[in-house]
Amino acid sequence: MEPVRDRLIRVTFNADTHASIQWNFKPQQSEIYVVPGETALAFYKAKNPTDKPIIGISTYNVVPFEAGQYFNKIQCFCFEEQRLNPQEEVDMPVFFYIDPEFAEDPKMAKVDLITLSYTFFEAKEGQKLPLPGYR
């Protein structure tokens, strides 16, 4: 994979939570600059401010939609259940790259901004989970 050095893309990050989950969830950086063909690492932070364990699961989307086919996640927390214990806070990495073919697509010629957005939902709404160390 050969980086396309003359094509700089700003990637911004967004975080939302569905009404079903009481987590605090946010990106740790508002934006980074990447070139197609080069890997990048970003982080999100999630905290369970409640007094009960909560299992969350996230979905993501990429805007503009057409750029999504070039946005490749190598490692991500999406679509995997994440359990946070009471008051627990975790960093969630996203390791990604933009395919170098992005720079060759005429539809992407004027695209210099991509937004990666995650939304967390409660995975098992209403389910009672045991507190760690308690019976």
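Note that these values count all heavy atoms, side chains included, but never hydrogens, waters or copies made by symmetry.
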Counting heavy atoms not belonging to [X], are there more than 12 under 6.0 Å from its [atom1]?
X: F65; atom1: CZ; value: no
X: Q22; atom1: CD; value: no
X: K26; atom1: NZ; value: no
X: Y60; atom1: OH; value: no
X: E101; atom1: CD; value: no

Does any donor atom in the side chain of T119 or T59 lie under 3.5 Å from an acceptor atom in the other side chain?
no
Exercise: do Q87 and N48 side chains pair donor with acceptor under 3.5 Å
no
Return the minimal non-hydrogen interatomic distance between P93 and L41, and the atom names on each side.
CB-CD1, 4.0 Å
Between M1 and G37, which heavy-atom pair has the shortest distance, and what is it?
CE-O, 3.5 Å
Quick test of your reading of the model: are R83 and E88 salt-bridged, counting only N-O distances below 4.0 Å?
no
Check this for me: does any side-chain nitrogen of one of K107 and E66 sit under 4.0 Å from a carboxylate oxygen of the other?
no
Could you check whether Y97 and F71 have their ring centres less than 6.0 Å apart?
no
Under the rule for side chain to side chain donor-acceptor pair (under 3.5 Å), what residues qualify as partners of D105, not counting sequence neighbours?
Y70
Apply side chain to side chain contact (heavy atoms under 4.5 Å, CB included) to residues F120 and Q82 and explain how you reach the verdict.
CA-CA 10 Å; F120 256 103; Q82 307 289 327; 3.9 Å; yes
When you measure from the centre of the six-membered ring of F95, is the NZ or CZ of K73 closer than 6.0 Å and no more than 45° off the axis?
no
Drop me the distance from H18's NE2 to S58's OG, to the nearest 0.5 angstrom.
14.0 Å
Residue pair C76, Y118: steps toward the side chain to side chain contact (heavy atoms under 4.5 Å, CB included) verdict
CA-CA 11 Å; C76 158; Y118 285 93; 3.2 Å; yes
